[in-house]
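Counting convention: from 1, in listed order, for ligands and their atoms alike. Scope of the values below: all heavy atoms of this structure, side chains included, with no hydrogens, waters or symmetry mates.
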Amino acid sequence: MLDTNALAELLFPHVTLTPEDMEARFPVRNLPEGAVVSRMAPSPTGFVHLGNLVQGLTSERMCHQSGGLLFLRVEDTDAKREVPGAVQTLIEGLKHYDINFDEGATIDGDAGHYGPYRQRQRVEIYHVYAKQLVLQGQAYPCFCTEEELADIHARQEAEKANFGYFGKWAIWRDRSIEEIKEAIANGMPYVLRFRSTGSIENKIKFTDLIKGNLELTENDIDHVLLKSDGIPTYHFAHAVDDHLMRTTHVVRGDEWLPTLPFHLQLFRSLGFKPPKYLHIGPLMKMDGDSKRKLSKRKDPELALTYYRAAGFPVQSVYEYLMTVLNSNFEDWRRANPDAPVDSFKFSHKKMNPAGSLFDEAKLRDVSKNVISRMSAERVYEEVVSFAKDYDKDLFDHLTADPAYAKAILAIGRGGKKPRKDFAVWADVKPYLDFFYDDWFAVTDAYPAQFKKADIKAVLDRFKATFDPSDDSNLWFEKIKAIADSLGFASDMKAYRENPGAFAGSIADVSMFLRVAVTGRLNSPDMYAVMQVLGADRVIARINAMLETL
Ligand code: GLU
């Protein structure tokens with residue numbers, strides 16, 4: 001019989017703290033019944049993706065709707081994948097998307113009593129539990145070299161056996177303490193492995209809060225707990241951290257489902273109560289006629305940076321993801337157009353176990369609605385912040401006269417049926433460029449069926465009667481009068497009944513003015529446009545047009 005006591009001391013002589021000490025240091029949180037404690041636990045790979053946001057949003061809603069709390073844990077155990085500055089990129093990326101953490105890693109260090117919140121700073125803690133597992137006979141050192149592992153793999157392939165370090169293949173599983181001592185004395189590097197007692201003949205029943213009732217095969221692999229540098233694997237760190245940080249719900253991608261049986265074994269061996277799990281299906285997109293997972297390599301829209309650069313407001317991405325995550329969100333939004341988004345009752349029960357379809361056209365639609373509900377002030381701030389990074393010229397124009405820019409952006413905003421001109425902030429410049437003289441250009445021509453003399457007469461008469469202090473009714477009455485005086489129908493009904501009796505309609509008369517003043521056939525409400533442009537610009541543009549006629 002292996003003396004596990006001696007082995008534990010041999011491997012972890014420096015560990016003097018015990019699991020009890022850890023329990024005392026990280027006490028059960030004092031939260032109301034039903035409060036969800038969850039976390040985002042991303043790895044700092046330098047790439048923050050939409051999947052991170054989906055996961056974060058789900059956790060965030062569950063925590064904050066239940067009076068619980070959300071924390072950020074940086075899973076930096078894989079030094080090979082880490083790129084410099086990645087933690088900062090990660091934290092800033094999440095901050096930009098307004099994920100509100102109650103504790104965890106921040107730019108300025110850790111905040112909260114359950115830290116450190118960066119796994120590489122928790123090595124001491126993992127070793128307490130590694131030692132415990134060795135003591136319990138549930139973990140052992142394995143000195144296999146890369147070559148030996150490759151050889152095991154090759155032999156398994158030849159025998160058509162299952163792959164992995166288990167059973168008869170687990171050549172260090174039952175070594176004596178003398179052999180282990182000798183290997184250590186020879187300076188051989190080793191990993192610490194879990195001693196699995198599971199069998200693939202057995203199934204475990206498990207209920208995932210998204211996937212429902214599942215039957216999974218037991219784990220028989222002696223997975224690695226600590227790598228040769230003493231740093232834990234994801235699996236071991238997950239069990240220790242989520243226990244000590246008192247996580248009640250783990251929300252993560254369903255790529256972790258295959259290792260869940262191992263995680264449950266670990267929780268049991270460590271004497272921890274496992275959290276509840278929510279495994280989220282992947283984000284997919286249509287590719288021709290078939291669905292496939294969004295891929296980092298093929299799909300730029302997987303990266304969060306894509307949305308900011310494309311000019312999507314954070315709120316649009318957020319509401320779009322809500323639409324994707326909860327099938328009833330859209331109906332709720334239609335019924336509550338002005339309600340703050342966090343008054344929507346998010347439910348993980350409405351999530352699709354198979355994953356969700358990502359559709360950029362739909363995102364644009366949602367975004368148009370979101371932006372249409374924003375105040376001019378808010379739109380101004382958001383556009384300026386976008387333009388600052390992505391369109392210097394636009395930034396200069398907007399900030400040169402903020403009141404003018406806000407007046408432009410206020411057109412068609414605030415009423416029952418707000419205009420929906422913008423899906424992204426990049427749509428703003430082509431929409432409002434005509435308000436700026438140095439950008440203004442007549443880009444649309446008058447349709448050929450109208451006589452130049454009629455157009456000229458409309459412009460002349462308008463100029464003669466235009467008074468910027470008129471209200472919109474009086475302004476329109478004057479245009480109607482011009483129409484009537486030139487044989488254009490001021491009444492659309494009369495025009496439609498007998499178009500041949502008129503030179504055109506009031507709509508054409510307005511269009512003559514529109515092309516002169518905005519340079520285009522389509523524009524927002526002309527009265528509002530003229531109010532913002534001011535009499536001088538309006539008259540100057542009409543004069544310029546008259547010169548060309
Ligand atoms: N670091 C893991 C990942 O990025 C976290 C999974 C989890 O949330 O437990 O996939």
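- Listed by chain and number, residues touching ligand 1 at under 4.0 Å (heavy atoms only) are Arg39, Ala41, Ser43, Glu75, Tyr234, Val251, Arg252, Trp256.
- Annotation: salt bridge (Lys or Arg N to Asp or Glu O under 4.0 Å) contacts of Asp287 (sequence neighbours excluded): Arg292.
- Nearest heavy-atom pair across Gly164 and Trp169 is O-CB, 4.1 Å.
- Sorted by first then second residue, the salt bridge (Lys or Arg N to Asp or Glu O under 4.0 Å) pairs that include residues 310-335, not counting sequence neighbours, are Glu319-Arg333, Glu319-Arg373, Glu330-Lys362, Asp331-Arg334.
- Contact record, Cys63 with Leu69: SG-O, 3.2 Å, taken as the closest heavy-atom pair.
- Evaluation of the side-chain contact (heavy atoms from CB on, under 4.5 Å) rule for Ile204 yields Leu216, Glu218, Pro261, Leu264 as partners, not counting sequence neighbours.
- For the side chain to side chain donor-acceptor pair (under 3.5 Å) criterion with His263, the lone passing option out of His223, Arg268, His235 is His235.
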